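To keep things clear, I will list the structure first and then write my remarks on it.
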Amino acid sequence: MSDAIYLFEVKNFEGDFYYQSNRFYMRPKTEIVDPLIQLKRTESLLSMLLQKIGYNIPINAWVVFINSEFTLYQSPLDLPLIFPTQINRFLKQLDTNTSKVSQKHRALAEKLCSLHVQDNPYKQLPSYEYDQLRKGIACDMCNGLLVLVEGKKCICTKCGHHETVESAVLRSVKEFKLLFPNERVTTNAIFDWCKVVTSKRRINRILSKNYKIVGTHQWAYYE
DNA sequence: CGAGCGAAAAGACACCCGAG
DNA sequence: CTCGGGTGTCTTTTCGCTCG
């Protein structure tokens, strides 16, 4: 028991689910990806990785359902599933089986951490240029670029959502920083980016209230 | 190398508007 | 109505850049 890796596929499914002929369904009758298939795949990948880096350790793989509103009907008894009502007992059981952490364990842990992939190589960002993008403030609720400024409020003409101008502008600043990490946040940049706020002085005051100014005059920017 | 330019921050002040 | 904070306008301040 002491020399095994416990692998958990944690699911936050909520609602009623059932197994039928080795397939996993959500009620009413929508087939969804069987977490056991996902678990098998992960287990197999981990097993191959361990072999590759020179470890031969058995893997104990489980699917854990953590949402207390989760129910699974017709669950076969022999599947590696842990239900919300079993988590506490499972953890206690684990506690009784603990072993000393040796240098070997630490080395493996460090090795695994060093192999951790920070940037998902499959992410594909579309290319974009500032000039191509529509300017304006996106609604916090529906994400439409249909927000108008009326007095001290920003109002979405599509869904009617209200927000203060300040928080709407600050959201836009965050977007701007995410999309253009190399561009400096300046009054003019945000004024142009938000578009619907008609006063530069207003943008300037919101920025100076919420960010630290660096530099002075026409060379100033906020961070 | 230095004078002057220019752009934007920010202070001053009156005003507006909504909450209580 | 009163109060206070946000807003628009006007103005001053200031410093890197440009050009001779």
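Heavy atoms only: backbone and side chains are in, while hydrogens, waters and symmetry mates are out. Since this is a predicted model, take the numbers as computed values, not measurements. Just so we're on the same page: letters track the sequence lines, and every chain starts at 1.
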Interatomic distance where [atom1] belongs to [X] and [atom2] belongs to [N] [whole Å]:
X: A/F191; N: C/dT7; atom1: CZ; atom2: C1'; answer: 14 Å
X: A/R184; N: B/dA9; atom1: CZ; atom2: C1'; answer: 16 Å
X: A/E166; N: C/dG6; atom1: CD; atom2: C1'; answer: 10 Å
X: A/K200; N: B/dA9; atom1: NZ; atom2: P; answer: 8 Å
X: A/R205; N: C/dT9; atom1: CZ; atom2: P; answer: 11 Å
X: A/I206; N: B/dA10; atom1: CD1; atom2: P; answer: 14 Å

Do side-chain atoms of [X] reach the backbone of [Y] as a donor and acceptor pair under 3.5 angstrom?
X: A/N210; Y: A/I206; result: yes
X: A/Y130; Y: A/F180; result: no
X: A/R171; Y: A/A138; result: yes

Seminar exercise, completed: Testing B/dA12, B/dA9, B/dA8 for proximity to the side chain of A/Y222, the answer is B/dA9
Problem set entry | Base-contact (B) and sugar-phosphate-only (S) positions in nucleotides 11-16 of chain C, heavy-atom cut-off under 4.0 Å, - elsewhere | --BBBB
Exercise. Would you call the rings of A/F24 and A/Y19 parallel, tilted or perpendicular, where under 30° means parallel and over 60° means perpendicular?
Worked result: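 The arrangement is perpendicular - the two ring planes meet at more than 60°.
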Exercise. Which class fits the ring pair A/F13 and A/F70: parallel under 30°, tilted 30 to 60°, perpendicular over 60°?
Worked result: tilted
Please list, pair by pair, any protein nitrogen or oxygen found under 3.5 Å from a nitrogen or oxygen in nucleotides 14-20 of chain B.
none

For this session: Would you mind classifying the nucleic acid contact of A/R202 as base, sugar-phosphate or nothing, using non-hydrogen atoms under 4.0 angstrom?
Result: sugar-phosphate
Exercise. Between A/K209 and A/R201, who's closer to the 5' end of DNA chain C by nearest nucleotide?
Worked result: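 Going by which nucleotide is closer to the 5' end, it is A/K209.
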Report yes if a side-chain nitrogen or oxygen of [X] is closer than 4.0 Å to either non-bridging phosphate oxygen (OP1 or OP2) of [N]; otherwise report no.
X: A/T186; N: B/dA8; answer: no
X: A/N204; N: B/dA8; answer: no
X: A/T187; N: B/dA8; answer: no

Exercise. To which residues is A/I155 joined in a hydrophobic cluster, defined by side-chain heavy-atom contacts under 4.5 Å among Ile, Leu, Val, Met, Phe, Trp and Tyr, whether direct or through other members?
Worked result: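 Its cluster partners, ordered by chain and number, are none at all.
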Look at atom [atom1] of [X] and say whether more than 12 heavy atoms of other residues, nucleotides or ligands are closer to it than 6.0 Å.
X: A/E129; atom1: CD; result: no
X: A/K177; atom1: NZ; result: yes
X: A/N12; atom1: CG; result: yes

